[in-house]
Amino acid sequence: MTVTVQFFSYFRQRTGCHERRIELPDNATVADAFDQFPPLRDVQRTTLVAIGVDFAKWDTRLREGDVVSFMPPLQGGGADELLLTNDPIVDPGLVATDVGGVVVFYGVVRGEEHGQPIRALDYSAYRAMAEHQFRKLLADCRQRWPVKKIRVVHRLGAVPVGEASLLVRVEASHRQEAFAAAQFIIDELKQKVPIWKRGMALPGNS
């Protein structure tokens, strides 16, 4: 059978390609597909796997035409809004009259990454899967807390030091629900949404 394998973030540099079609025997698993790419064998323990836009396991059996993605670890409703954008983040600050608590969190790019000074962080994503996992995350959040509205905006591309790369805004009837839901979204997106960041060195420090 023929399957398509995709690579994201620095896995593309390791394998020398963004995507490749490979032939596998019937009943082959995700692990069998991974074995076709020796440059990644030393990072298999931390590699994330997806079939289509959902996470998968190493022993999942593949089918003809599947699209398999290998990815490095992730960084560390009502009228809900989700946006992946290359533009600066702007929050309109509008609040409905039935909202008692609004929590707004901005993730701002700091001036260093892994102890080294940087001028920006460069964000990349498996966009289709990121949007899918974000939607699942927001649906899960709404099952846990009766929030009024959720807005999540994550920038992609180069984000300079001092600018926001992430906005999470939660409106709820009570502040406890707004705080809990916002914390949940921030923590979970770092574990489940395929977005990666890379420090961009200051001139002369590369």
Looking only at non-hydrogen atoms, find the nearest pair between [X] and [Y] and report the distance.
| X | Y | result |
| --- | --- | --- |
| R155 | A164 | CD-O, 3.1 Å |
| A178 | A172 | N-CB, 3.9 Å |
| L156 | S124 | CD2-C, 4.3 Å |
| C17 | R20 | SG-NH2, 3.7 Å |
| R61 | N27 | NH1-O, 2.5 Å |
| Q36 | P38 | O-CD, 3.3 Å |

| said: Could you go through W58 and T29, starting from their C-alpha distance and side-chain angles, then the distance that decides it, and tell me whether this counts as side-chain contact (heavy atoms from CB on, under 4.5 Å)? | reply: CA-CA 7 Å; W58 290 106; T29 65; over 6 Å; no
| task | List the steps and the verdict of side-chain contact (heavy atoms from CB on, under 4.5 Å) for R119 and L202. | result | CA-CA 5 Å; R119 60 183 174 85; L202 293 168; 3.7 Å; yes
About how many Å separate [atom2] of [Y] and [atom1] of [X], when rounded to the nearest 0.5 Å?
| X | Y | atom1 | atom2 | answer |
| --- | --- | --- | --- | --- |
| L24 | M1 | CG | CE | 5.5 Å |
| F11 | Q6 | CZ | CD | 14.0 Å |
| F105 | I186 | CZ | CD1 | 4.5 Å |
| Q13 | T15 | CD | OG1 | 8.0 Å |
| R198 | I118 | CZ | CD1 | 10.5 Å |
| K190 | I195 | NZ | CD1 | 11.5 Å |

Out of curiosity, does [Y] fall in the hydrophobic cluster containing [X] (side-chain heavy atoms, cut-off under 4.5 Å, transitive links)?
| X | Y | value |
| --- | --- | --- |
| L48 | V43 | no |
| F34 | V5 | yes |
| L62 | I22 | yes |
| V152 | V103 | no |
| M129 | V68 | no |

Note: [X]-[Y] ion pair, threshold 4.0 Å (strictly below):
| X | Y | result |
| --- | --- | --- |
| R169 | E171 | yes |
| R14 | D42 | yes |
| D140 | K136 | no |

| With E19 via salt bridge (charged side-chain N to carboxylate O under 4.0 Å, His left out) - residues at least two apart | none
Check: [Y] and [X] side chains under 4.5 Å, non-hydrogen atoms:
| X | Y | value |
| --- | --- | --- |
| M71 | F55 | yes |
| V67 | I51 | no |
| I150 | C141 | yes |
| L137 | K192 | no |
| V147 | R142 | yes |

Look at atom [atom1] of [X] and say whether more than 12 heavy atoms of other residues, nucleotides or ligands are closer to it than 6.0 Å.
| X | atom1 | result |
| --- | --- | --- |
| F179 | CZ | no |
| R12 | CZ | yes |
| R41 | CZ | yes |

| query | Do W196 and Y10 pass the ring-ring contact (aromatic ring centres under 6.0 Å, His included) test, and can you show the C-alpha distance, the side-chain angles, and the key distance before you say yes or no? | reply | CA-CA 9 Å; W196 300 272; Y10 69 87; 9.0 Å; no
| field | ring-ring contact (aromatic ring centres under 6.0 Å, His included) between F7 and F37, worked out | value | CA-CA 11 Å; F7 304 97; F37 301 94; 4.9 Å; yes
| Do L166 and Y106 pass the side-chain contact (heavy atoms from CB on, under 4.5 Å) test, and can you show the C-alpha distance, the side-chain angles, and the key distance before you say yes or no? | CA-CA 6 Å; L166 171 68; Y106 285 96; over 6 Å; no
| query | Should the ring pair Y123 and H154 be called parallel, tilted or perpendicular, given that the plane angle runs from 0 to 90° and is split at 30 and 60? | reply | perpendicular
| task | Evaluate side-chain contact (heavy atoms from CB on, under 4.5 Å) for E64 paired with V3, printing each intermediate quantity in order. | result | CA-CA 6 Å; E64 174 71 27; V3 301; over 6 Å; no
| query | Do Y126 and F8 have ring centroids that are under 6.0 Å from one another? | reply | yes
| query | Are side-chain N/O atoms of Q183 and D187 paired as donor and acceptor at under 3.5 Å? | reply | yes
